[in-house]
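In this text the structure is predicted, and so the values were computed from the model without any measurement.
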Amino acid sequence: NGFDLGFISHYKPIGSLSNWIQVNGPTWHLDSTDVESVVRAVRDWSPSVVFSHGMGNPEFENRISTHFKVVYLNHNYGGVCASGTKMHFMPWPRHCHWPLGPRCVARWMPMLCDGFNPLRFIRALKREKYRQELFHKAHTICVASMHMRSVMIQNGVPEEKVRLLPLFPTHGEPDQSPPVPRPQTDKVLLAGRLTRLKGWTHLVPAIARASETLGRRLSLVVAGDAPDCLRLAGLARKWDVPLEDHGWQNSTGITALMR
């Protein structure tokens, strides 16, 4: 449509960037370039709008938002929870209904929001409060669910500034006819970014228990990458669940694994 598309990521993508996004402008990666250099380069390129999906460095996001119109798509609890889980774990695991703020300090220890390290918790609280500033600087905040919309409004974002954009499938063509019968593979596919909130900590023991109940050895096939890869592999070994790890996959790879 006549626009040039640039790309900024915290880490350099695995494999070729062209496998999953077509970029005809410059690209930057914060893990290999200092923040100030990237900010200067983006200012020189002068984009009309920045579509931010959240990055590990809130300082960079805030710097960019002072110079350009930012549309922020919040995928998780960044800026609204110090631990990123929106959970209390004592006396039993349950969802937290409070906004991010000073009262989190009082609840942290008795409700075990983020482990037992007070210094780590204070650093995380300051980081997410700093990230929250971006919500007020951004032109528009986009979310993918009514739940996240209510969370953003609860944390001080004006209601008229929050836009609901339900997620949609980005790959895969529907079959022209129903699939033909085929033998059971006894495989469970987990496709997506591997973080605790996606539920892999529940999936692995569930597969182990299902194998015992069914009398068949089920295996877990993983198509994804993220911080929790090694922990997932360790949990699979603990529960004796066979693991087939394909790493990050493009749309063609995901479709092949599904079929």
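In this structure, Val35 is a member of the same hydrophobic cluster as Trp45, with clusters built from ILVMFWY side-chain heavy atoms closer than 4.5 Å. Taking hydrophobic clusters as Ile, Leu, Val, Met, Phe, Trp and Tyr residues chained together by side-chain heavy-atom distances below 4.5 Å, Trp239 shares a cluster with Leu243. Val39 and Phe68 fall within the same hydrophobic cluster, where Ile, Leu, Val, Met, Phe, Trp and Tyr residues are linked whenever their side-chain heavy atoms come under 4.5 Å apart, directly or through other members. Hydrophobic clustering (side-chain heavy atoms under 4.5 Å, transitive across Ile, Leu, Val, Met, Phe, Trp, Tyr) keeps Val71 apart from Val42. No continuous path of ILVMFWY side-chain contacts below 4.5 Å connects Met152 to Leu165, so the two sit in separate hydrophobic clusters.
Between atom CD of residue Gln154 and atom CH2 of residue Trp98 there is a gap of 9.0 Å, rounded to the nearest 0.5 Å. Atom NE2 of residue His246 and atom CG of residue Leu257 lie 5.0 Å apart, to the nearest 0.5 angstrom. Note: Trp200 CH2 to Leu235 CG = 5.5 Å, rounded to the nearest 0.5 Å. With values rounded to the nearest 0.5 angstrom, Glu160 atom CD is found 12.0 Å from Ile141 atom CD1. Between the SG atom in Cys142 and the CG atom in Leu164 there is a gap of 9.5 Å [rounded to 0.5 Å]. Here the CG-CG distance, from Asp245 to Leu230, works out to 9.5 Å after rounding to the nearest 0.5 Å.
For Lys137, the NZ atom is densely surrounded, since the number of other residues' heavy atoms within 6.0 Å is greater than 12. Surrounding CD of Glu36 are more than 12 heavy atoms belonging to other residues, nucleotides or ligands, all under 6.0 Å away. Atom CG of Leu119 is surrounded by more than 12 heavy atoms from other residues, nucleotides or ligands within 6.0 Å. For His95, the NE2 atom counts as densely surrounded, since its 6.0 Å shell holds more than 12 non-hydrogen atoms of other residues, nucleotides or ligands. Counting non-hydrogen atoms of other residues, nucleotides and ligands closer than 6.0 Å to NE2 of His139 gives a total of 12 or fewer.
In plain terms, the two heavy atoms of Cys104 and Pro99 that are nearest each other are SG-O, 3.8 Å. Between Val80 and Leu100, the closest heavy-atom pair is O-CB, 3.5 Å. The minimum heavy-atom distance between Glu159 and Ile153, with the atom names listed, is CG-CD1, 3.7 Å. Smallest separation of non-hydrogen atoms from Gly224 and Cys229: O-SG, 4.4 Å. The shortest non-hydrogen separation linking Gln249 to Ala223 is CG-CB, 4.0 Å. Nearest heavy atoms, Glu61 versus Gly54: OE2-CA, 3.1 Å.
Considering only heavy atoms from C-beta on, Lys126 stays 4.5 Å or farther from Lys129 through its side chain. For the pair Ile64 and Leu134, the minimum side-chain heavy-atom distance is 4.5 Å or more. Contact check for Thr27 versus Ile8: no side-chain heavy atoms found under the 4.5 Å cut-off.
Judged as a salt bridge (charged side-chain N to carboxylate O under 4.0 Å, His left out), and not counting sequence neighbours, the contacts of Arg217 are Asp240.
Between the side chain of Lys161 and the backbone N or O of Ala138 there is at least one donor-acceptor pair closer than 3.5 Å. A donor-acceptor pair under 3.5 Å links the side-chain atoms of Ser65 to the main chain of Asn62, judged by distance alone. Formation of a donor-acceptor pair under 3.5 Å by the Arg216 side chain with backbone atoms of Glu212 is not found in this model. Proximity of a side-chain donor or acceptor of Lys86 to a complementary backbone N or O of Cys96 within less than 3.5 Å is detected.
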Asn155 vs Phe135, test: side-chain contact (heavy atoms from CB on, under 4.5 Å). Steps then yes/no. CA-CA 9 Å; Asn155 279 270; Phe135 300 159; 5.7 Å; no
Any chance you could lay out the side-chain contact (heavy atoms from CB on, under 4.5 Å) test for Met111 and Arg94, step after step, and finish with the verdict? CA-CA 10 Å; Met111 294 186 173; Arg94 62 197 189 281; 3.8 Å; yes
Could you give me the CA-CA distance, side-chain angles and deciding distance for Leu220 and Leu232, then say whether side-chain contact (heavy atoms from CB on, under 4.5 Å) is met? CA-CA 11 Å; Leu220 174 61; Leu232 187 150; 4.1 Å; yes
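Salt bridge Glu128/Arg131: present, at least one basic N to carboxylate O contact under 4.0 Å.
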